[in-house]
Amino acid sequence: MMKEIINDFNSIDRNIERDFKDFQGILEHKVFKVSDSHILEDLKIIHKSLCISKMLSNDLFYNSEDTITPRLLLNQHLLISSIVLALFGDNYTSYFLLRGSLENIMKCILLEDGIKPVNKFSNNLEKFMKIEKNKIFENINSIRPKKAIRKSFNKFVSRGREDIYGNFSDLIHIRTDNLSSYASHLNEFFNYNNLNVADFDIFKNYFLLTLDYESMLYLLNTTALKEGKFSVEKIEYFRKYCEDDYKEVLNLVMKYL
């Protein structure tokens, strides 16, 4: 089994590498050629996170309702646009788009479960996590594992609500003096500067935070996990690259499904 998974990992790696060559070629043709080695390496990491998240998204939303498909396409546009704008040195607008991606994908996940979302990210996140937590609790009788799951889930919610989404809200806070005219407001959004290695590295970190969190949200759909919607190889591939706190949440969920 392990040998098969390793072989599949190699296959996924090759597919991602091939796609990156196309990705790089399109950027060069339609935007500009990225020649700085540091930025190019950051782009590879960003692209890999895009591919991993897309693999999991494809599994979860396979055969989804027609009402969800446009939202999924919107999400791809938001993410790609954030990369392009960051390459132009406009991290400010990129953060708007990444925050929008979190809001949008959270609604998609709820709609997939037949739950009507609201317009507030934190409310949708808390609702989803409470539902998934209660589903797991149905399989557990003892108090100790319930306590561990509750603690882990609360930490995950706080991570998304404060550390990621809340940070974006702070980063894109518009000062009142910028609202005096449409021109100044527009300038705040499309603030093109020379591409800076340090700034793009900061964007990369926020991009990875967003994509990893969205990937985790896909995998916390316990109904999809039970029904085997996600391939084992894709779950393990994500687990290979995700941070330790996410591994802990995943391990608990998989253990008590």
Legend entry - CZ (Arg144) with more than 12 external heavy atoms under 6.0 Å: no
Legend entry - Flag if over 12 foreign heavy atoms under 6.0 Å of CD1, Ile143: no
Inset, instruction - Measure the spacing between CD of Glu17 and NZ of Lys48 and express it to the nearest 0.5 Å. - result: 7.5 Å
Legend entry - From CG (Asn123) to CZ (Arg161), nearest 0.5 Å: 9.5 Å
Inset, instruction - Please check if the side chain of Ser57 supplies one atom and the backbone of Lys54 the other of a donor-acceptor pair under 3.5 Å. - result: no
Legend entry - Heavy-atom donor-acceptor pair, Ser152 side chain to Ala148 backbone, under 3.5 Å: no
Legend entry - Over 12 non-hydrogen atoms of neighbours within 6.0 angstrom of CG in Asp170: yes
Inset, instruction - Say whether Ile26 and Phe88 are linked into one hydrophobic cluster, either directly or through other cluster members, by side-chain heavy-atom distances under 4.5 angstrom. - result: no
Legend entry - Side-chain heavy atoms of Asn75 within contact of Arg71, under 4.5 Å: no
Inset, instruction - Would you kindly confirm whether Tyr256 and Leu220 end up in one hydrophobic cluster when ILVMFWY residues are joined by side chain heavy atoms under 4.5 Å apart? - result: yes
Legend entry - For Gln24, the option from Val34, Leu40, Asp19 that meets side-chain contact (heavy atoms from CB on, under 4.5 Å): Leu40
Legend entry - Pairwise side-chain contact, Leu87 with Ile39, heavy-atom cut-off 4.5 Å (strictly under): yes
Legend entry - Atom of Cys51, atom of Ile16 and distance for their closest heavy-atom approach: CB-CG1, 3.8 Å
Inset, instruction - Using distance alone, with no hydrogens and no angle criterion, decide if Lys247 and Asn251 have a side-chain donor and acceptor under 3.5 Å apart. - result: no
Legend entry - Pairwise side-chain contact, Met106 with Leu217, heavy-atom cut-off 4.5 Å (strictly under): yes
Legend entry - Distance, nearest 0.5 Å, that separates CG of Leu102 from OH of Tyr165: 8.0 Å
Legend entry - Any donor-acceptor N/O pair, Ser49 side chain to Ile46 backbone, under 3.5 Å: yes
Inset, instruction - For Asn167 and Asp163, indicate whether the former's side chain and the latter's backbone hold a donor-acceptor pair under 3.5 Å. - result: yes
Inset, instruction - Compare all side-chain heavy atoms of Phe61 with those of Thr69 and state whether any distance is below 4.5 angstrom. - result: no
Legend entry - Heavy-atom donor-acceptor pair, Asp199 side chain to Asn91 backbone, under 3.5 Å: no
Legend entry - Donor + acceptor pair across side chains of Asn141, Lys146 (<3.5 Å): no
Legend entry - Shared hydrophobic cluster, Ile80 / Met55 (ILVMFWY, side-chain heavy atoms < 4.5 Å): yes
Legend entry - Nearest-0.5 Å distance that lies between atom CG in Leu98 and atom CD1 in Ile83: 8.5 Å
Inset, instruction - Apply side-chain contact (heavy atoms from CB on, under 4.5 Å) to Tyr241 and Leu208, showing your working. - result: CA-CA 11 Å; Tyr241 292 103; Leu208 296 181; over 6 Å; no
Legend entry - Same cluster (ILVMFWY, side-chain, under 4.5 Å), Phe153 and Ile115: yes
Inset, instruction - Taking all non-hydrogen atoms of both residues into account, name the closest pair between Asp36 and Val197 and its distance. - result: OD2-CG2, 3.6 Å
Legend entry - Which residues share a ring pair (Phe, Tyr, Trp, His ring centres under 6.0 Å) with Tyr206, sequence neighbours left out: Tyr95, Phe168
Legend entry - Enclosure of Lys240 NZ (heavy-atom neighbours >12, cutoff 6.0 Å): yes
Inset, instruction - Work out which heavy atom in Val118 is nearest to a heavy atom in Lys107; give both atom names and the distance. - result: O-CE, 3.3 Å
Inset, instruction - Inspect the contact between Asp245 and Arg159 and indicate whether a charged nitrogen and a carboxylate oxygen are less than 4.0 angstrom apart. - result: no
Inset, instruction - Indicate the atoms forming the closest heavy-atom contact of Ser82 with Leu79, along with that distance. - result: OG-O, 2.6 Å
Inset, instruction - With the side chain counted from C-beta on, respond yes when Asp8 and Lys234 share a heavy-atom pair under 4.5 Å apart, and no when they do not. - result: no
Inset, instruction - State which residues pass ring pair (Phe, Tyr, Trp, His ring centres under 6.0 Å) with Phe20; sequence neighbours excluded, sorted by chain then number. - result: His47
Inset, instruction - Could you grab the distance from atom CG of Leu125 to atom OG of Ser158, nearest 0.5 Å is fine? - result: 10.0 Å
Legend entry - Trace of the side-chain contact (heavy atoms from CB on, under 4.5 Å) decision for Leu219 with Leu250: CA-CA 8 Å; Leu219 290 173; Leu250 267 179; 3.9 Å; yes
Inset, instruction - Indicate yes or no: at least one non-hydrogen side-chain atom of Phe128 is less than 4.5 angstrom from one of Pro117. - result: no
Inset, instruction - Give the intermediate values and the outcome of side-chain contact (heavy atoms from CB on, under 4.5 Å) for residues Phe207 and Ser94. - result: CA-CA 9 Å; Phe207 191 92; Ser94 293; over 6 Å; no
Legend entry - Note, Tyr62 side chain near Lys229 side chain (heavy atom, < 4.5 Å): no
Legend entry - Exercise: identify the closest heavy-atom pair between Ile52 and Phe238: CG2-CD1, 3.8 Å
Legend entry - Side-chain ion pair, Glu132 and Lys135, N-O less than 4.0 Å: yes
Legend entry - Ionic contact status for Arg239 with Glu236, cut-off 4.0 Å: yes
Legend entry - Side-chain heavy-atom pair Leu72, Ile105 within 4.5 angstrom cut-off: yes
Legend entry - Joint cluster assignment, Val157 & Leu209, ILVMFWY side-chain distance < 4.5 Å: yes
Legend entry - Aromatic ring pairing Phe96/Tyr92, orientation class (parallel under 30°, perpendicular over 60°, tilted between): perpendicular
Legend entry - Working for side-chain contact (heavy atoms from CB on, under 4.5 Å), residues Met254 and Leu225: CA-CA 8 Å; Met254 302 293 279; Leu225 284 169; 4.2 Å; yes
Inset, instruction - List for me each residue that meets ring pair (Phe, Tyr, Trp, His ring centres under 6.0 Å) alongside Phe230, sequence neighbours excluded, and say none if there are none. - result: none
Legend entry - From CD (Glu162) to OG (Ser122), nearest 0.5 Å: 9.0 Å
Legend entry - Ring-ring centroid check Tyr213 Phe156, cutoff 6.0 Å: yes
Inset, instruction - Without swapping roles, check the side chain of Asp59 against the backbone of Ser231 for a donor-acceptor pair under 3.5 Å. - result: yes
